[in-house]
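Reckoned from all heavy atoms, side chains included, excluding hydrogens, waters and symmetry mates.
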Amino acid sequence: DIHTPAADYEVKATISRYESRINVSGQFQLALSSTKKLNLIYFRFEPATSGDSVDEVCKRLIGYGIPQKTLEEALFRCGLEPGCSARKETFNVLQASLYHVNSNFPRISPESFVNGVLPAGIIHVEYQVDLTGLPHQPF
């Protein structure tokens, strides 16, 4: 996730060549804020012998001013500790799209439930959204 003063960005990625589905983890992940816009950035990658790796992208982000400690903590939570081979795998970007998440975007949020509360006994919601045909723009 990326948070700026003007907007929030949920980032999703796939290496699937043909599907355009995202996994949403929880009823709050695509919840709208009353103060900031929410956008979804969707990347489609393909493995390649040359291209971008996680480590190379991190170097660029650090160059743009994102603290290295912040990146390393986030990568560690994803199981990508320093030195692991997955951080060196390279990919080409096939697609990068920006979707504006608004009241028309297919999503589950607290407002989807009576009085904004999950039904008794339900503690977490995970679901998939098909992005096919939704309005977007290149990112």
Side-chain angles (χ1 to χ4, degrees):
D1 298 344
I2 301 169
H3 304 282
T4 70
D8 290 332
Y9 298 85
E10 184 67 38
V11 181
K12 299 289 185 179
T14 187
I15 58 170
S16 172
R17 207 154 178 59
Y18 302 108
E19 286 190 14
S20 293
R21 288 189 285 187
I22 60 166
N23 292 314
V24 182
S25 300
Q27 66 275 20
F28 300 105
Q29 194 169 41
L30 295 180
L32 300 177
S33 165
S34 61
T35 58
K36 291 199 283 187
K37 293 179 182 177
L38 177 61
N39 297 290
L40 170 75
I41 303 171
Y42 179 70
F43 288 98
R44 183 184 309 277
F45 297 104
E46 75 175 348
T49 55
S50 64
D52 286 325
S53 70
V54 170
D55 282 344
E56 290 166 352
V57 171
C58 284
K59 287 178 188 173
R60 288 201 307 266
L61 291 171
I62 291 165
Y64 290 129
I66 295 178
Q68 182 174 358
K69 182 180 179 191
T70 302
L71 287 172
E72 290 298 339
E73 289 171 352
L75 290 170
F76 184 79
R77 286 192 304 272
C78 295
L80 295 170
E81 59 276 347
C84 77
S85 62
R87 288 178 58 157
K88 295 174 183 13
E89 294 176 12
T90 54
F91 297 87
N92 287 328
V93 177
L94 298 177
Q95 175 186 353
S97 301
L98 176 73
Y99 295 82
H100 300 291
V101 179
N102 55 33
S103 59
N104 296 322
F105 192 89
R107 63 194 176 83
I108 294 173
S109 67
E111 296 80 29
S112 302
F113 304 98
V114 176
N115 298 323
V117 177
L118 288 171
I122 305 296
I123 57 172
H124 182 73
V125 176
E126 289 188 30
Y127 60 100
Q128 293 185 342
V129 174
D130 184 359
L131 300 175
T132 305
L134 295 179
H136 63 280
Q137 61 195 56
F139 179 74

If hydrophobic clusters are built from ILVMFWY residues whose side chains come within less than 4.5 Å, do [X] and [Y] share one?
{"X": "Phe28", "Y": "Leu38", "answer": "no"}
{"X": "Leu134", "Y": "Leu30", "answer": "yes"}
{"X": "Ile2", "Y": "Leu40", "answer": "no"}

Open item on the list: Can you see whether Arg107 engages Ser112 through a side-chain donor-acceptor pair at a distance of less than 3.5 angstrom?
Closed with: no
Task: Asp130-Thr132 side chain donor-acceptor pair, cut-off 3.5 Å - done: yes
Separation of [Y] [atom2] from [X] [atom1] (nearest 0.5 Å):
{"X": "Leu80", "Y": "Leu71", "atom1": "CG", "atom2": "CG", "value": "12.0 Å"}
{"X": "Phe45", "Y": "Thr14", "atom1": "CZ", "atom2": "OG1", "value": "10.0 Å"}
{"X": "Thr4", "Y": "Lys36", "atom1": "OG1", "atom2": "NZ", "value": "6.0 Å"}
{"X": "Arg77", "Y": "Glu73", "atom1": "CZ", "atom2": "CD", "value": "6.5 Å"}
{"X": "His136", "Y": "Tyr99", "atom1": "NE2", "atom2": "OH", "value": "4.5 Å"}
{"X": "Glu46", "Y": "Gln95", "atom1": "CD", "atom2": "CD", "value": "12.5 Å"}

Flag side-chain contact, heavy atom, 4.5 Å: [X] against [Y]:
{"X": "Leu98", "Y": "Tyr9", "answer": "yes"}
{"X": "Val101", "Y": "Leu32", "answer": "yes"}
{"X": "Ile22", "Y": "Glu10", "answer": "no"}
{"X": "Leu131", "Y": "Ser97", "answer": "no"}
{"X": "Val24", "Y": "Ile108", "answer": "no"}
{"X": "Val93", "Y": "Phe91", "answer": "no"}

Give a yes or no answer on whether the side chain of [X] reaches the backbone of [Y] with a donor-acceptor pair at less than 3.5 Å.
{"X": "Glu56", "Y": "Ser53", "answer": "yes"}
{"X": "Thr90", "Y": "Ala48", "answer": "yes"}
{"X": "Lys12", "Y": "Arg21", "answer": "no"}
{"X": "Asn102", "Y": "Phe105", "answer": "yes"}

Please check if atom [atom1] in [X] has more than 12 non-hydrogen atoms from other residues, nucleotides or ligands closer than 6.0 Å.
{"X": "Ile15", "atom1": "CD1", "result": "no"}
{"X": "Lys37", "atom1": "NZ", "result": "no"}
{"X": "Phe113", "atom1": "CZ", "result": "yes"}
{"X": "Lys59", "atom1": "NZ", "result": "no"}

TODO: Evaluate the criterion side-chain hydrogen bond (donor to acceptor under 3.5 Å, both in side chains) for residue pair Ser20 and Arg44; output intermediate values, then yes/no.
DONE: CA-CA 9 Å; Ser20 293; Arg44 183 184 309 277; 2.9 Å; yes
Task: Minimum heavy-atom distance Asn39-His100, with the two atoms named - done: OD1-ND1, 2.7 Å
Task: Pair Glu72 + Arg87, salt bridge at N-O below 4.0 Å - done: yes
Open item on the list: Leu75 vs Cys58, test: side-chain contact (heavy atoms from CB on, under 4.5 Å). Steps then yes/no.
Closed with: CA-CA 10 Å; Leu75 290 170; Cys58 284; 3.5 Å; yes
